[in-house]
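A short write-up of the structure that comes next.
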Amino acid sequence: MSSNLLDKGYEPKGVEQYWYEFWEKEELFAASEISDKKSYSIVIPPPNVTGVLHMGHALNVTMQDILCRYRRLRGDNVLWMPGTDHAGIATQNVVEKKLAADNTDRHRLGREKFIDAVWEWRNQYGSAIINQLKRLGASCDWKLERFTMDEGLSLAVRKVFVQLYKEGLIYRGNYIINWCHRCHTALADLEVEYEEIDGHLYHILYPFPGGSGGIIVATTRPETMLGDTGVAVHPDDTRYQDIKSSTVILPILNRQLPIITDNYVDMSFGTGALKVTPAHDPNDFEIGKRHGLPEIKVIDDDGKMTPEAGKFEGLDRFECRKALVKALEDSGFLLRIEPIKHNVGHCYRCKTIIEPNLSKQWFVKVKPLAQKAIEAVKNKSTKIVPEIWTTTYYEWMNNIKDWCISRQIWWGHQIPAWTCESCLHLVVAMESPSTCPKCGCGNLAQETDVLDTWFSSALWPFSTMGWPEETRLLKTFYPTSVLVTGFDILFFWVARMMMMGIHFMDDVPFKDVYVHALVRDEDGKKMSKSKGNVIDPLNIIDKYGTDSFRMTLAVFAAQGRDIKMSEKRVEGYRHFVNKFWNAARFALMHLNKNHSELKFENMSLPDKWILARLKNVTDIVSDAIDSYRFNDAASALYKFVWHELCDWYLEAIKPCLYGHKGEDKKDAALSVLQRVFHDVLILLHPFIPFVTEEIWHKLPGTEGSIMKSVFPADDSGFKSLLCDLTSEPKMDIIMDVIAGIRNVRGEMNIAPSASLNIILHSDKDSVRNTVCDNEDIIINLAGLKSIEVEKPGLRPKKAATIVIGDAVIYILLEEIIDFSREKERLEKEIAKLKNETATLVKKLNNEDFLKKAPDDIIEKVKDKHKVAIEKQQKLISNLDKIKSIEIEL
RNA sequence: AGGCACGUAGCUCAGGGGGAGAGCGCUACCCUGACACGGUAGAAGUCGUUGGUUCAAAUCCAAUCGUGCCUACCA
């Protein structure tokens, strides 16, 4: 790294590791607890401690890193708080699998030893995902890394639980919850994924007692009939108005069931009669409550039938279904089996079919909390970007139901509730009580359930900063500036953080929520292990480098659209990184000393022009990042670097750099070159941090890390970049002339090596002057021998004609002119222009247009018309000339 | 069942009431003293379909078709 010269191709491998270690060593990611600077903070959405880096993380983290690096460059005191969550069910599953491999299980170990085993696992493997985040270049303040099971965060969980309980916002009760038999725990409604599967609708006769006939019910889960405690029909259903009996007999078990009427029943479905199983269906549970029906649990927590199931006791729920259907068939009660597609809930962790089950669980009463969270978005205390997601947010918040927070697993925050063994009094407290406050008994048993992982995640924005202590970190950085996340956890996490943040901090947890898209495979399908279409970000990084990968993500991260990712895309942006690298290589070849002072007085047109463009791209980039339009920022930089800096500026100043125009001009160009690279490195740094840091250290006039530099827009000299308002229109003329000549070269098949003589006619002094002043650039870039600039006069014979703006260019082609080709070319162009003028004429002939359209538009159309006509005339007269010359010859 | 988003060049997409854009791919030519991961030029689109509003619609509205997603207790 001592040489000032760069290698011919950019090789990211060693570079990335070197600079990442450098940044960490120099503590450049560190936030200050107290600072005069403006605070900017982000808490990372904590990845699961069991997780491995996937595309979703990569996108999410890249965006946060862009924001954080950008805000640091703008002088903010930035906190990016990293960490992981303990992922109760997932982690417990992982460790249980490991135990199974060792031929043991958690019950044999016992709770305490099992928890030790989980900690051991986490200490050994828990930092894997963190190290992977580092490979992305994530500039988190790692010294502050948090874990939801840390002591401090656990204290926060406990405090929140106790307070909510005291406020009546947490309660315990027997309700229908979603039960996963495999994970052996309750799940929140959100944690159930519905999937349409092919099932059967069983029509079963429930006969009237004694007499003939009965009521036919239909069900997809016949085994639950064993727990039926009623049959419901709609009160208005005429089919059931005249029934004499008030009960039916439940087949097999021969239990009498009352016939009840309830508005819930859908008359149009099946027979309009519904079997009611309060212990195994959420709706039936509600109906049961309304009508005082008993709740009979027939499936236990292992998915086996209970003694209430009679002779089916002990059977697995699906075995029971088979046996029961057989029994019904044999006894003639099963009338029909109809195939049906229906939605069935599955566990989001293990995909097991969920059983609605009656169970004693802990719940958060969410309505009162949700109200304020809705309000906060309505009054813009928190802004959701893109705005479209606010609708989804409201929709969910308005229909929110109580949140089941207890889980029947061991890994997690054990609920701080104790039951007195003698008087059954329930105590909820911060500390374990030694005696029952009611009866004084010393035997209290702690609730064995733990809390949902999301319960602790909901506190993340303030628990990570030390709450319930009143820390400096909280004072400086809460509320956080923005939360960056995918829409898939808008409800799981964002909504709950909003509720908890507002309730406990009396302020929203974040000012903005930026909701980004999903990363899909190249066919637009969701990546999943089972489909085998996952792209491993680490593979991509190994192959193409982090910078290329990040640039790809940024360019494709358009708001509201998912990203289709493929290696080919990344390859394209590796080319960009390489292009930039080589441009820098070129610049550094010439910048062998510091030229930090801009030499305005000796600047050429391209010098002034590129400075103006630099200012322009700086404005675009800051605007775009400020409004989370990462793709606009990245695209603008791509375009500037490749198509303005490399294509035009570097090419234009080459003669100057080689000293063909004197030392003063060269010094001026070098000062511009250095400034442009200095600034564009900073602009690019948030997107491609490694390569920019690498080049930065070779660029004269820089000191220390690029991370400590000042964003160009905040530099006192920023406005002076636009030192000549005419530089852009003038440069446009030069570029048009060059492009016009190149175009003819191509179309007329003129060898690239042939250097041409041209004559340029224009009646505008300004055009002639601009061209004269910069003729060396045109000569160089268009491959000319000479250029003559004149007022319009006689047309040269044997020439190809180009009309651009206010000038006509003749390419003298004494030997090589091919008249038929030139005729063809001119005719084609004239035809194009005719089309264009036709539509313009139509507009100008339309009286309504002239009457109603705004003046500036009319002016514009008139102008365009005039230009097109003039150009057309010039081309036509040249075409005529060619024809007459051809005849002469 | 309800809601949302998206249909623009071969592919991926940007744009968003007054001149159809980019990248990749493709074609031709070029190893020109940063770069072949490169350069120069070129071809290519009825802006899903049908109506409506407007002087003017790819853009706004309605319907329709297609695609994807989210929410929901239809047994």
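Just so it is clear: chains get the letters A, B, ... in the order the sequence lines come, proteins before strands, and each one is counted from 1.
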Fill in: Interatomic spacing from CD1 in A:I858 to NZ in A:K860 - rounded to 0.5 Å
13.0 Å
Worksheet, complete the sentence: Tested for side-chain contact (heavy atoms from CB on, under 4.5 Å) against A:W648, the lone hit among A:I610, A:I738, A:I777 is A:I738
Practice prompt. Check the pair A:R613 / A:E644 against salt bridge (charged side-chain N to carboxylate O under 4.0 Å, His left out), numbers first and verdict last.
Written response: CA-CA 8 Å; A:R613 300 307 299 157; A:E644 292 179 349; 3.2 Å; yes
Worksheet item: With ring centroids as reference points, do A:Y638 and A:Y573 lie under 6.0 angstrom apart?
Response: yes
Discussion item. What is the distance, to the nearest angstrom, from the CD atom on A:E11 to the P atom on B:C37?
Written reply: 14 Å
Worksheet item: Ignoring hydrogens and geometry, is there a side-chain-to-backbone donor-acceptor pair from A:D547 to A:F687 under 3.5 Å?
Response: no
Item to complete: Fit a plane to each ring of A:W389 and A:F487, take the angle between them on a 0 to 90° scale, and name the class: parallel (under 30°), tilted (30 to 60°) or perpendicular (over 60°).
Response: parallel
Fill in: Whole-Å gap separating C1' (B:C24) and CH2 (A:W642)
11 Å
Report all interatomic pairs (protein N or O, nucleotide N or O of nucleotides 41-48 of chain B) with separations under 3.5 Å.
unit_1: B:G42; atom_1: OP1; unit_2: A:N743; atom_2: ND2; d: 2.6

Fill in: Dot-bracket summary - RNA chain B, pairs being Watson-Crick or G-U whose distances fall under 3.5 Å, with | when paired to another strand
(((((((..((((....[..)))).(((((.......))))).....(((((..]....))))))))))))....
Worksheet item: Which part of the nucleic acid, if any, lies within contact of A:I388, taking any heavy atom under 4.0 Å across all strands shown: a base, the sugar-phosphate backbone alone, or nothing?
Response: sugar-phosphate
Worksheet entry | Atom P, compared across B:A5 and B:A57: separation rounded to whole Å | 24 Å
Item to complete: Determine yes or no for a side-chain-to-main-chain donor-acceptor pair under 3.5 angstrom, with A:D266 supplying the side chain and A:S268 the backbone.
Response: yes
For nucleotides 32-34 of chain B, which of its nitrogen or oxygen atoms have a protein nitrogen or oxygen under 3.5 Å away, and what is each distance?
unit_1: B:A34; atom_1: OP1; unit_2: A:K654; atom_2: NZ; d: 3.4
unit_1: B:A34; atom_1: OP2; unit_2: A:Y658; atom_2: OH; d: 2.7
unit_1: B:A34; atom_1: O3'; unit_2: A:R585; atom_2: NH1; d: 3.1
unit_1: B:A34; atom_1: O2'; unit_2: A:N582; atom_2: OD1; d: 2.7
unit_1: B:A34; atom_1: O2'; unit_2: A:R585; atom_2: NH1; d: 2.7
unit_1: B:A34; atom_1: N7; unit_2: A:K654; atom_2: NZ; d: 3.3
unit_1: B:A34; atom_1: N6; unit_2: A:E651; atom_2: OE2; d: 2.9
unit_1: B:A34; atom_1: N3; unit_2: A:N582; atom_2: O; d: 3.1
unit_1: B:A34; atom_1: N3; unit_2: A:A583; atom_2: N; d: 3.2

Item to complete: Could you measure between the two C1' atoms, the one in B:A22 and the one in B:U8, and give it in whole Å?
Response: 12 Å
Worksheet entry | For atom CZ of A:F576 and atom P of B:C24, their distance in whole Å | 12 Å
Worksheet item: Just how far, in rounded Å, is C1' of B:C37 from NZ of A:K568?
Response: 14 Å
Worksheet item: Mind checking whether A:F630 and A:Y628 have parallel, tilted or perpendicular rings, split at 30° and 60°?
Response: tilted
Worksheet entry | Comparing A:F556 and A:N578 on RNA chain B - which has the more 5′ nearest nucleotide | A:F556
Worksheet item: Are A:R496 and A:F491 in a cation-pi setup, meaning NZ or CZ lies under 6.0 angstrom from the ring centre and within 45 degrees of the ring axis?
Response: no
Provide a list of protein-nucleic acid N or O atom pairs under 3.5 angstrom, restricted to nucleotides 16-22 of chain B.
unit_1: B:G19; atom_1: OP1; unit_2: A:K864; atom_2: NZ; d: 3.0

Item to complete: Please measure how far the P atom in B:U59 lies from the corresponding atom in B:G19, and state the result in whole Å.
Response: 14 Å
Item to complete: Check each of A:T219, A:L328, A:V217 against A:M225 using the side-chain contact (heavy atoms from CB on, under 4.5 Å) test, and report the only one that passes.
Response: A:L328
Item to complete: With sequence neighbours left out, write down each residue that passes ring-ring contact (aromatic ring centres under 6.0 Å, His included) with A:F586, or none if nothing qualifies.
Response: A:H590
Worksheet item: Once you round it to whole Å, what is the distance between C1' of B:A5 and CG of A:L518?
Response: 13 Å
Worksheet item: When you match A:T219 and A:G572 each to their closest nucleotide on RNA chain B, which lands nearer the 5' end?
Response: A:G572
Worksheet item: Which whole-number value in Å describes the distance from A:E859 CD to B:C55 P?
Response: 21 Å
Discussion item. Taking only the P atom of each, what is the distance from B:U67 to B:A44 in whole angstrom?
Written reply: 32 Å
Worksheet item: Do you see a donor-acceptor pair shorter than 3.5 Å between the side chains of A:S566 and A:K564?
Response: no
Worksheet entry | Stepwise salt bridge (charged side-chain N to carboxylate O under 4.0 Å, His left out) check, A:R825 with A:E822 | CA-CA 5 Å; A:R825 202 178 63 81; A:E822 173 68 355; 3.0 Å; yes
Discussion item. Has A:E191 got a side-chain atom pairing as donor or acceptor with A:A188's backbone, closer than 3.5 angstrom?
Written reply: yes
Worksheet item: Given B:C35, is OP1 or OP2 found less than 4.0 Å from the side-chain N or O atoms of A:H575?
Response: no
Practice prompt. With P as the reference atom in both, quote the distance from B:C61 to B:G17 in angstrom, rounded to an integer.
Written response: 11 Å
Worksheet entry | Spacing of the C1' atoms in B:A36 and B:G45 (rounded, Å) | 30 Å
Worksheet item: How far, in whole Å, is B:C29 from B:G48 if one measures between their P atoms?
Response: 36 Å
Worksheet item: If you measure only the distance, is there a donor-acceptor pair under 3.5 Å linking the side chains of A:H291 and A:D262?
Response: yes
Discussion item. I'd like to know if the side chain of A:H346 reaches the main chain of A:V344, judged simply by a donor and an acceptor atom lying under 3.5 Å from each other, with no hydrogens or angles considered.
Written reply: yes
With 3.5 Å as the limit, what N/O pairs link the protein to nucleotides 70-74 of chain B?
unit_1: B:A72; atom_1: N6; unit_2: A:N343; atom_2: ND2; d: 2.9
unit_1: B:C73; atom_1: OP1; unit_2: A:K401; atom_2: NZ; d: 3.4
unit_1: B:C73; atom_1: O2'; unit_2: A:N283; atom_2: ND2; d: 2.9
unit_1: B:C73; atom_1: N1; unit_2: A:N283; atom_2: OD1; d: 3.2
unit_1: B:C73; atom_1: O2; unit_2: A:Y264; atom_2: OH; d: 2.9
unit_1: B:C73; atom_1: O2; unit_2: A:N283; atom_2: OD1; d: 3.0
unit_1: B:C73; atom_1: O2; unit_2: A:N283; atom_2: ND2; d: 3.3
unit_1: B:C74; atom_1: O2; unit_2: A:D266; atom_2: OD2; d: 2.5
unit_1: B:C74; atom_1: N3; unit_2: A:D266; atom_2: OD2; d: 3.1

Worksheet item: Can A:H342 and A:E196 be counted as having a side-chain donor-acceptor contact under 3.5 angstrom?
Response: no
Worksheet, complete the sentence: Whole-Å distance, A:Y573 OH to B:C37 P, equals 18 Å
Worksheet item: Looking across every strand, which nucleic acid part, if any, lies under 4.0 Å from A:V265 by heavy atom: base, sugar-phosphate, or nothing?
Response: base
Worksheet item: For A:R569 and B:C37, what is the distance between atoms CZ and C1' respectively, to the nearest whole Å?
Response: 18 Å
Worksheet item: Picking from B:C13, B:G25, B:C30, which would you name as closest to the side chain of A:P752?
Response: B:C30
Discussion item. Has A:T224 got a side-chain atom pairing as donor or acceptor with A:H280's backbone, closer than 3.5 angstrom?
Written reply: no
Practice prompt. Could you give the distance separating B:U54 and B:G21 at their P atoms, to the nearest angstrom?
Written response: 29 Å
